[in-house]
There are 2 protein chains.
Amino acid sequence: MKAATKPNAYAANCPTRQILDRVGDKWAVLILLLVRDEPMRFNALRRAIEGISQKMLSQVLKSLERDGLIRRRVIATVPVTVEYSITPLGATLSTAVDALRDWAESNLKEVLSAQRRYDAQRNSMAA
Amino acid sequence: MKAATKPNAYAANCPTRQILDRVGDKWAVLILLLVRDEPMRFNALRRAIEGISQKMLSQVLKSLERDGLIRRRVIATVPVTVEYSITPLGATLSTAVDALRDWAESNLKEVLSAQRRYDAQRNSMAA
DNA sequence: CTGCATCCCCTCAGATACTG
DNA sequence: CAGTATCTGAGGGGATGCAG
C-alpha cells in the first residue's frame, strides 16, 4: 500500500501507538514499578495498589505478561502461590517510565498552579 | 490522617497519578509532540492526527492548555486564526515522552514476538 | 490463594448539526 | 476557520458469586 520509510506515530495504524496506549494504562505502569522492586504475589499487589479491583488486576497482569514485560511463575503449594516479577524487557521500559514519574513529581506544583490560573481566568469571564 | 513523608504513587489520591493519567491520554502526547516542532493551527492538527475527532481535539487541547503544557494564541484575522504552541513546561515533559517513544520504537518487535509466543501457547492449550 | 464468569452501570468518545 | 451542543452506542471497569 504505502512504503513508509519510517513509522508515522500520528497514523492510526502505527504500532508504536499500541505501546503508547499500553503505557497510558491506568494500572499497568504502577504494577510494573511495583514488581520491579521485588517479585510480588497477586494479593500483595492488590493490597499495594489502592483502588484496583481484582478483575482489573488480573486483566492487566495478563496483558503485561503477554507483552513480555512481566513474568508469571506458579508455585505448586497448597493453596497455589503465584509470583509476578519483571522481565529484562520490562525493566528497560520501567526506566523510561521513571523519567515520567520524576517529571510528574517535579512539576506537579507548576501544573496545579497553571490549572488554578486557567480556572480563575474562566471564572472571571463568566462573572 | 496520615503524615506521608513522600508521595505514594500507589495511593488513589496521589496527585502524581493525575499526571500519569494525562500522559496516558490517547491523543495528548501526540499533540504535544506535534506542536513542539512548530506552532500549529486547529485544522492542521486535525489533519495531522489520523483518526482524531474534532470534539476530542478541542477537548484535549483545552486540557493541555489548562495544565500549562501548550499555549493558545488567537490572531484576530478574518476568519479568526488560532495557533497552538508548546510552553517551556510542556517542552520538558515532551523530553520524557521522547524516551518513551524511543523505547516503543526500539522494542516494538520484541513486544510483538512476545505476544505471538503468548498467544501460541494459549492456542496449543485450547487444542 | 488465585483467579474466571456474569451482571450492570456509567463514562467516554464518535457522529451530526449548528454558531461566532 | 475554530470551535460548541446534543445524542447515542460501545465498552471500560466495579461488585458479586463461583471454581481450581
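The chains referred to below are lettered A, B, ... by the order of the sequence lines, with proteins before strands, and numbering in each begins at 1.
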Exercise. Tell me, which of residues 73-87 of chain A have any heavy atom that sits under 4.0 Å from an atom in DNA chain C?
Worked result: A:P79, A:V80, A:V82, A:Y84
Seminar exercise, completed: Those residues at least two apart in sequence (or on a different chain) that pass side-chain contact (heavy atoms from CB on, under 4.5 Å) with A:A28 are A:D25, A:V60, A:L64
For this session: Look at all strands and tell whether A:R46 reaches a base, only sugar-phosphate, or nothing, counting heavy atoms closer than 4.0 Å.
Result: nothing
Exercise. Taking only residues two or more places apart in sequence or in another chain, which ones pass side-chain hydrogen bond (donor to acceptor under 3.5 Å, both in side chains) with B:W103?
Worked result: A:T92, B:N107
For this session: Output all residues satisfying salt bridge (Lys or Arg N to Asp or Glu O under 4.0 Å) with A:R66, sequence neighbours left out; order by chain, then residue number.
Result: B:D119
Would you list the atom pairs, donor with acceptor, under 3.5 Å between side chains in residues 70-80 of chain A and any protein atom, with sequence neighbours excluded?
unit_1, atom_1, unit_2, atom_2, d
A:R72, NE, A:Y84, OH, 3.3
A:R73, NH1, A:E83, OE1, 2.7
A:T77, OG1, A:P79, O, 2.7
A:T77, OG1, A:T81, N, 3.3
A:T77, OG1, A:T81, OG1, 2.8

Seminar exercise, completed: Note: chain B reaches DNA chain C at heavy-atom distances under 4.0 Å over the stretch, first to last nt, 5' to 3', of C:dA13 to C:dG20
Exercise. Which residue pairs pass the salt bridge (Lys or Arg N to Asp or Glu O under 4.0 Å) test when at least one of the two sits in residues 53-63 of chain B, sequence neighbours left out?
Worked result: none
Exercise. Does B:D98 reach the side chain of B:R36, with side-chain heavy atoms less than 4.5 Å apart?
Worked result: yes
Problem set entry | Partners passing side-chain hydrogen bond (donor to acceptor under 3.5 Å, both in side chains) against A:N43 (at least two apart in sequence or in another chain) | none
Exercise. Does a nitrogen or oxygen in the side chain of B:S58 sit under 4.0 Å from OP1 or OP2 of D:dA2?
Worked result: no
For this session: Tell me whether B:Y118 is reachable from A:L93 by hopping between hydrophobic residues (I, L, V, M, F, W, Y) whose side-chain heavy atoms are closer than 4.5 Å.
Result: no
Exercise. Between the axis at one end of the helix from C:dC1-D:dG20 to C:dG20-D:dC1 and the axis at the other (five pairs apiece), what's the angle to 10 degrees?
Worked result: 50°
Exercise. Taking all atoms of both residues into account, what is the closest heavy-atom pair of B:L89 and B:D67, and its distance?
Worked result: CD2-O, 3.8 Å
Seminar exercise, completed: Given protein heavy atoms under 4.0 Å, the one-letter contact record of nucleotides 9-19 of chain D, with B base, S sugar-phosphate only and - none, is simply ----BBB----
For this session: Indicate yes or no: at least one non-hydrogen side-chain atom of B:V29 is less than 4.5 angstrom from one of B:R101.
Result: no
Exercise. How would you list, by chain and number, every residue that makes a side-chain hydrogen bond (donor to acceptor under 3.5 Å, both in side chains) with B:S53, sequence neighbours excluded?
Worked result: none
Problem set entry | B:S106: partners by side-chain hydrogen bond (donor to acceptor under 3.5 Å, both in side chains), with sequence neighbours left out | none
Exercise. Below 4.5 Å, heavy atoms only, C-beta onward: do B:L45 and B:L61 meet side chain to side chain?
Worked result: yes
